[in-house]
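Taking it in order: structure first as structure tokens, then the write-up.
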Amino acid sequence: MSNEVSRRSALRALVAGGVVAGAVAHSLSSPPAAAALPNSRFRVDLHAHYLPPQYRDALNATGYTAKSFVPLPSWSVGEAIEFMDAHAIAAQVISISDPGVTFLSGADAAAMARHCNDFAADLVESEPTRFGAFGVLPLPDVSPR
């Protein structure tokens, strides 16, 4: 019997661990009491969404939010940091949420992706110990270079 781990079995283990972690996180209806948390921040949130003002405005202007029946949550850098501090989160890795920039097309999608990526890069530069970021691509309108 081989001690090698196949990619498939590794992925199964990661997915199973993620499902368990997600179920545990989902089962917590409220954050732990402040007294129960250690004095320092220790968590890293790898799935946090951000809403730059221009992105929010574009979602509203195109009617996307009205059609999807999903209201946009409030978001600001200050609110994100306040949330992290309240939940003992040291840092967040941010990304744009669904629908990404697919509610736009062509040059408009590319320009919005650039704006969102620049916004995230500026935030990471100004708060390097609190934020990291995933980039957004204007899929499916990505031209090869």
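Only this structure's heavy atoms are used, side chains among them; waters, hydrogens and symmetry mates stay out. For reference, positions follow the sequence shown, starting with 1.
- Put simply, the side chain of Ile94 does not reach to within 4.5 Å of the side chain of Phe134, judged on heavy atoms.
- Across Val136 and Cys116, no two heavy atoms sit closer than the pair CG1-CB, 4.0 Å.
- Not a single side-chain hydrogen bond (donor to acceptor under 3.5 Å, both in side chains) links Thr129 to another residue, sequence neighbours left out.
- Between Asn60 and Leu72, the closest side-chain pair of non-hydrogen atoms falls below 4.5 Å.
- Here the closest heavy-atom approach between residue Arg56 and residue Ser74 is recorded as NH2-CA, 3.8 Å.
- Counting heavy atoms from C-beta outward, Leu59 and Pro99 have side chains that approach closer than 4.5 Å.
- Closest non-hydrogen pair, Asp45 versus His47, comes out as OD1-N, 3.0 Å.
- Here Glu82 pairs with nothing under the side-chain hydrogen bond (donor to acceptor under 3.5 Å, both in side chains) rule; sequence neighbours left out.
- Hydrophobic clustering, with ILVMFWY side chains joined whenever heavy atoms are under 4.5 angstrom apart, groups Tyr64 together with Tyr50.
- Under a hydrophobic-cluster definition in which Ile, Leu, Val, Met, Phe, Trp and Tyr are linked whenever side-chain heavy atoms come within less than 4.5 Å, directly or via other members, Ile81 and Phe119 are assigned to the same cluster.
- Contacts of Val44 classified as side chain to side chain contact (heavy atoms under 4.5 Å, CB included), with partners at least two apart in sequence or in another chain: Leu46.
- For Ser97, the side chain to side chain contact (heavy atoms under 4.5 Å, CB included) partners at least two apart in sequence or on another chain are His49.
- For Phe103, the ring pair (Phe, Tyr, Trp, His ring centres under 6.0 Å) criterion is met by Tyr55, not counting sequence neighbours.
- Side chains of Glu79 and Val77 form no contact here, defined as non-hydrogen atoms less than 4.5 Å apart.
- Taking the side chain to side chain contact (heavy atoms under 4.5 Å, CB included) definition, one finds that Asp108 meets it with Leu104, sequence neighbours left out.
- Note that CG of Leu123 is 12.5 Å distant from CG of Asp118, once rounded to the nearest 0.5 Å.
- Leu137 pairs by the side chain to side chain contact (heavy atoms under 4.5 Å, CB included) definition with Leu139, Val142, not counting sequence neighbours.
- In plain terms, the two heavy atoms of His115 and Pro52 that are nearest each other are NE2-CB, 4.0 Å.
- A 4.5 Å side-chain heavy-atom check between Met84 and Arg43 finds every atom pair outside the cut-off.
- In this structure, the side chains of Ser126 and Phe131 stay at 4.5 Å or more apart for every pair of heavy atoms.
- By the 4.5 Å heavy-atom criterion applied to side chains, Arg130 and Asp85 are counted as neighbours.
- Partners of Phe83 by ring pair (Phe, Tyr, Trp, His ring centres under 6.0 Å), not counting sequence neighbours, listed by chain and number: His87.
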